[in-house]
Structure formats: C-alpha cells, structure tokens
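Shown next, in structure tokens, is the structure this report addresses.
No experiment lies behind these values; they were computed from the predicted model shown. Below, chains carry the letters A, B, ... as their sequence lines are ordered, and counting in each starts from 1. Only heavy atoms go into these numbers, but all of them, side chains included; no hydrogens, no water, no symmetry mates.
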Amino acid sequence: MSNATTTGRAPSVYVPSAEALSTVLAPGARPPRPNALSASLTFGWRALLKIKHVPEQLFDVTAFPIIMVLMFTYLFGGALADSPRDYLQFFLPGIMVTSVVMITMYTGIGLNTDIEKGVFDRFRTLSIWRPAPLVGMIFGDVLRYVLAAVVILCVGLVLGFRPDGGLPGVLAGIGLLVVFSFAFSWVWTFFGLVLRSEKSVMGVSMMVLFPLTFLSNVFVDPATMPGWLQAFVKVNPITQLVASVRAVMSGTSDPSATMWTLLWSAGFVVVFGTLTMYRYNRR
Amino acid sequence: MKRTTGPAIEAEGLTRSFGDTRALAGIDLRVPAGTVYGLLGPNGAGKTTAVRVLATLLRPDGGRARVFGHDVVTEADAVRARMSLTGQYASVDEDLTGLENLMLLARLLGHRKPAARERAEGMLAAFGLTDAADRQVKKYSGGMRRRIDIAASILNTPDLLFLDEPTTGLDPRSRNQVWEIVRAVVAHGTTVLLTTQYLDEADQLAGRIAVVDHGRVIAEGTPGELKSSVGSGSIHLRLRDPGQRPEAERLLQAALGVPVQLEPDPVALTARVGGAGSDLDASAQAARALGDLAHAGIVVDDFSLGQPSLDEVFLALTDHPAVTSDERDDELEAAR
Ligand SMILES: Nc1ncnc2c1ncn2[C@@H]1O[C@H](COP(=O)(O)OP(=O)(O)O)[C@@H](O)[C@H]1O
Ligand SMILES: [Mg+2]
C-alpha cells in the first residue's frame, strides 16, 4: 500500500458511455432466484473472501486456543492430577470445547459491526431466502471452529494426548462440537442484532460464557463439587457436550450426553434462530 | 414487462417515528413509471427514512405504500424482486474487491458462476472500473465507490432504482458522471427515485420533484413549476454610491416586476429573477435591469446571478430556512 493506490485515482478519466451502459442494462432473461442452500453457500463464500482479505481474524482462533491448552496443562496439570500428561487425557476434549465455544461469540461481534454498514441493507433488499446472509456468515464461522479444534488437537498430540478412540473418535468428537457450536452461534446473532455496540456484545458474551464453561465438567470432576453446584453443572449444555466429546474421543460412547447435546443444539437453533430472524426482519 | 402503465410508487400517509423524532409525518407520493422522481430536502427532512420504508427495510408506523402495485409491508418479497437500492452510505462490502462484490451479488440474483463473472466484468467495464476490479473497495476514491454502488444496484436491471443522495460529497466531475449514469439508466426504462439536497441536481435529472421538510411533502411538481413559484434565480448587486440605492431599487422593481430586497450592507440589493411573472429567462431579465441602471447613470461595482439555493426555495415555500438538524448524519460523516 505504499504507492498511490490509496487515493484510487484512475489513470484516465472515466466518461460514462450511454452505449456501454445500455448494453449492460439490456435485460437478459432474469435467472430464477437462488434456493436457500445456494444463497447461504454464496454468503459462506463471502465469509471466506473476508478471511482471505483480512487474515488477521484467524489469529483469535489459533493463538487463543494454543495459549489455553498450554496454560491449563502446566498450571493445573500437576495440582489436579498426578502429572500434566495424565491430566491432558482428561482435559484436552474439555479445553477444545471451551475454546471453540468461546470463539462462537465472534459471530455476534462480527454481525454487530457488519450490520451497521450499508451492505447489509443491500442484502436485506434482495429477493432471497431471508436467513441466508446469517446462515452463510455462520458457515464461515464453522470453518474457524474446525480450524481451532484442529489446532488444539495438534498441540495436544505434541504434548502427549493419545485418544483411545483413534481417528474416528476424534473426528466424531469434533463433529459433535461443530454441530453444537453452529447452533450456539444463533445466540450471538441475536445479541449481535439486539445490542447497540460491539463492546456490549462482548460484555454479554463474557457474562454468558464464563459461567457456562467454568461451571461445568471441563476442568474437574463434578463429584467434587457441592450439591447445589452439581445441579447446575448437570443441566449445563457444556457439561453434556464435554461428556459426549470425551466419550467418543476415548473410544466409548455416552448416549445420554450425546442426546442432550443434540437436543440443546436443536433448541438453540429453534429459539434463538427464530428470535434472530424476528429482529432481523423488524429493524 | 408487466404493469408498466400504473405508477411505480404510490404512498399514502406514511408515518414513522424514532422515539420522539417524527421522521415521516404523513408522506403522500405518486411516482410515474419510467421517470426520474426527485425527493428534495435538507438533512434530517426524512428522505432516507422514506426511501427505507419504500425499499422494505423499515416498516411504516402508519399509512401504506405500493411499488408496482405490491404492498411494501405485506408483499415485500414481490417488491424486492423488482427494485434495488443504493443507500446514502457505502452499500457494497468494503473488504472485498470490486469484482468480488459484483460476483457475489450476481450469484445472489441467481446467476451461475460463469455467468456471474461475465456479468460482473461487463458491468465493471461499463463503469470504467476494470483497472480497479481486483482492488478492495475501501481503497477506491469517492467517485469510484459511488460507481460500484450504482453498478451493484443495476446488476439485475431493476424496474425501480432508489438512489439516496448519490452525489453528496462528490467532486463536480464525479457528480457529472453519476448524472450521466442516471440518465442512461432511466433512458433504458428503469424508474429512478432520487433524493438530494441540491435543487440543481433535481432540476437536472428529475421529471417531477417533491420537496420534503419535517417528514412532509410541502410542494410537488415539475422543476419548472417549482422554480416559477420561487423565481428561478436571484440577482445580487453592489453599487458604488449608497445614495443611489433608492433610485436603483425603483428601477429594478420596474424592470423585474418583483419586490427588491435591501441588504444590511448599504450598497447591496437583491431581487428574484426568472419568476412566473416574466416570459424572459433569468439572464435576459438581469441584463435588461442592468441596462436600465447604466442608462440612469447608476454605477454597479459588482453583480452576480445565481440559481435559487435550496435555502431560498425553502424560504419561499415555508417561510423558514432549511435548517439542518440531523446529528446522526453529522456523526456518520465525521466517522468516515
Ligand atoms: N434509526 C434512527 N434512529 C433515530 N432517529 C433516526 C433514525 N433514522 C432517522 N432518524 C431521525 O429521523 C429524522 C429524519 O432522518 P432521515 O430520514 O435520515 O433524513 P434525511 O435522509 O432527509 O437526512 C432525523 O431527525 C433523524 O435524526
Ligand atoms: Mg439521508
């Protein structure tokens, strides 16, 4: 950006030509409107293009998880288990869930800044499936969730994490996590639309995410907690998700936890997806 | 094309408030198809709100509006299929390149990938943006930005195009380019609803103009009708000798047939010219008046002939000047 392109002055002066304009204006047959999936995927493509042009946004989804894994493994590993390495077997699926679920809040922040710009007005005047811009945006975010999960997995493997479930178990675990995170993102699209500023979205996100991730089975076995806390931990969707991911990664399964994870996911999409679309249409 | 005979837009009694601010206080509009229609008004008059209601982005609190016969609230999707909007502020994605933006929209209009690319490239060429195709829009100049905004809006050759203050903040050359584009678009059969703060812009482009103030239409008609109600311009004179001013006032009044205004400056006078009262145009009237003054031996040091400003139109129509009270716009402007 050192040259004169920032001023953007074209070398030769543009003179609008009525002929050239009338050629592009000539109405070819209007194509039929795209279906819901194709419109959503097109918005997913937009998200990819934005990552291409602003790659810094991937920093959050890679650096943050690495720091989380290193910090918790060495900080708590010795105290909570016999050795960091043992703790890692228990802890890695949990920290993977925590990191990715934390990253979901960027969906709300991104939407909040995006929607203030005029381009969303254009999207909202297109004759397309209404949720497509938001669904596509979350498709792009899902890619970041996968990336973050893979980064954490790699760090874990380097530190000595050895999942008994092997590759299928790990893939199934990441799959569950991504499904849940996709659904959970709709909570943030809602807040992204309702709240006024990026800062307030961030504030609300923290208030929701900290209790949800810490008051769970991520860091310690709930059996060590007082009864009232156990009650909360048990219904916490993060607990269910961590239990099911842990199970598949270690080569077993926890059908009840998996069922609850999927039910919570469906619930988030139905409730917050509906609220989001209500707000989106009502502005 | 269907329904080209009916009006493009019909609105009755549209109201919309934001908290205590009454942005629309009952707007009636009737925009004939195939023309450029101007909404003229100062900052904060309610132009953007009106456009957003008609473009299905905002719900009115009251009243109703139809676009090509479709209700903007209950048949929003049918309205969307036939119109597009270039908002007051950037309405493309600034992080993406010009080509990517147009391809994205072409895909969303239902073109398959190769056709979308072809359409986008053709559009960039027609708008003189081929060299900037692979540059991010945030690096475009103001004029180029406006062009890509408008290009994005006519990708689907809409039947109705909303342009919200398309030339505000542009240099005169870019402004002329936008005018040429608007003329080409309307020549092609698209109806254009254009908002502006400049009388000369509405005059240049629009077949009919509605003057908007405080959320109401306070005057409506062809540019000629509006101007003749105001006078098409004013002549400002400065005399060498303040003692000759009463004589000059009398002569001007006789030559122009309108009241002459005495300015606080003891040598200055102002009068409207080119109003309905005369069949001469403004410059001929002014020339005759100057001739009369010279004949009577009155020395004129300086004179100028100007179009009536929006302020003068407002003064004439409302008896209050066009106050700009839109803090929100000011903030946005400052944030740019
Ligand atoms: N989203 C909004 N929230 C609060 N006030 C608004 C909003 N949009 C417009 N207004 C107010 O409504 C009035 C009309 O604004 P607008 O339609 O933008 O006028 P114009 O486009 O003619 O400058 C202004 O007083 C403005 O401050
Ligand atoms: Mg405006």
Side-chain angles (χ1 to χ4, degrees), chain A residues 1 4-35 38-39 41-43 45-46 48-54 57 114 116-130 132-133 136 281-283, chain B residues 52 55-59 77-78 80-81 83-97 100 104-105 107-112 115 119 122-123 125-129 131-132 135-136 139-141 143-144 147 149 151-154 156-157 173 177 180-181 183-185 187-188 190:
Chain A
M1 264 163 282
T5 55
T6 39
T7 61
R9 204 150 296 276
S12 59
V13 177
Y14 165 65
V15 182
S17 136
E19 268 164 77
L21 287 168
S22 83
T23 313
V24 289
L25 280 164
R30 279 184 198 159
R33 68 180 240 169
N35 62 39
S38 140
L41 288 175
T42 303
F43 281 106
W45 179 60
R46 168 176 182 256
L48 291 187
L49 289 173
K50 282 180 102 80
I51 293 176
K52 184 181 100 183
H53 288 297
V54 195
Q57 56 182 295
D114 215 11
E116 292 310 323
K117 300 188 183 141
V119 68
F120 249 88
D121 280 351
R122 189 182 290 285
F123 296 155
R124 297 201 310 132
T125 55
L126 292 170
S127 170
I128 51 173
W129 185 54
R130 290 247 100 194
N281 285 325
R282 269 265 152 185
R283 293 192 110 216
Chain B
R52 290 172 62 83
T56 76
L57 288 171
L58 271 181
R59 277 164 200 255
D77 203 60
R80 290 182 192 125
M83 62 84 186
S84 60
L85 163 73
T86 300
Q88 186 168 356
Y89 305 103
S91 50
V92 295
D93 193 327
E94 305 208 321
D95 288 332
L96 269 47
T97 68
E100 287 164 351
L104 176 76
L105 287 166
R107 298 277 286 149
L108 293 170
L109 294 169
H111 291 285
R112 301 190 161 274
R119 185 100 184 107
M123 201 56 89
F127 281 82
L129 293 170
D131 292 341
R135 212 185 298 160
Q136 280 176 292
K139 294 176 188 155
Y140 281 22
S141 69
M144 292 162 75
R147 260 140 63 201
D149 274 347
S153 295
I154 61 174
N156 58 341
T157 315
R173 189 166 67 199
Q177 293 167 348
E180 284 308 313
I181 293 166
R183 290 190 181 110
V185 169
H188 181 271
T190 296

Rounded distance [0.5 Å steps], CG in A/Leu49 versus OG1 in B/Thr97: 7.5 Å
Polar side-chain atom of B/Tyr89 near backbone of A/Val119 as donor-acceptor pair, under 3.5 Å: no
B/Glu100 and its side-chain hydrogen bond (donor to acceptor under 3.5 Å, both in side chains) partner, picked from A/Lys50, A/His53, A/Arg46: A/His53
Spacing of CZ belonging to A/Arg30 relative to CG belonging to B/Leu109, to within rounding of 0.5 Å: 9.5 Å
Trace of the side chain to side chain donor-acceptor pair (under 3.5 Å) decision for B/Ser153 with A/Arg122: CA-CA 9 Å; B/Ser153 295; A/Arg122 189 182 290 285; 3.0 Å; yes
Over all atoms of both residues, closest heavy-atom pair of B/Gly110 and A/Pro31: O-CB, 3.5 Å
Minimum heavy-atom distance A/Thr125-B/Ala55, with the two atoms named: CG2-O, 3.4 Å
Carboxylate-amine/guanidinium contact B/Arg52 A/Asp121, below 4.0 Å: yes
For chain A, the option from B/Ser91, B/Ala187, B/Ala151, B/Ala184 that forms the most heavy-atom pairs under 4.5 Å: B/Ser91
Residue B/Asp93 versus chain A: region with a heavy atom under 4.5 Å: both
Verdict with supporting geometry, B/Asn156 and A/Leu126, side chain to side chain contact (heavy atoms under 4.5 Å, CB included): CA-CA 10 Å; B/Asn156 58 341; A/Leu126 292 170; over 6 Å; no
Residue pair A/Val24 / B/Thr157: nearest heavy atoms and the distance that separates them: O-OG1, 4.2 Å
Part of A/Phe123 lying under 4.5 Å from any heavy atom of chain B: side chain
Which atom of B/Phe127 lies closest to which atom of A/Tyr14, heavy atoms considered: C-CE1, 3.3 Å
Top contributor to chain A interface from B/Glu180, B/Gln177, B/Arg183 [non-hydrogen pairs under 4.5 Å]: B/Gln177
Gap separating the CZ atom of B/Arg80 from the CD1 atom of A/Ile128, nearest 0.5 angstrom: 9.5 Å
Structural part of B/Arg112 lying under 4.5 Å from a heavy atom of chain A: neither
Nearest-0.5 Å distance, CG of residue A/Leu25 to CE of residue B/Met123: 6.5 Å
Between CZ on residue B/Arg107 and CG on residue A/Leu41, distance to nearest 0.5 Å: 9.0 Å
For A/Pro16 against B/Ile181, the heavy-atom pair lying closest together: CB-CG1, 4.2 Å
Side chain, backbone, both or neither of B/Ala125 within contact of chain A (heavy atoms, under 4.5 Å): neither
Side-chain ion pair, B/Asp77 and A/Arg33, N-O less than 4.0 Å: yes
Among B/Leu104, B/Thr86, B/Val185, B/Leu129, residue most engaged with chain A (heavy-atom pairs, under 4.5 Å): B/Leu104
Under 4.5 Å from a heavy atom of chain A, the part of B/Ala132 involved: neither
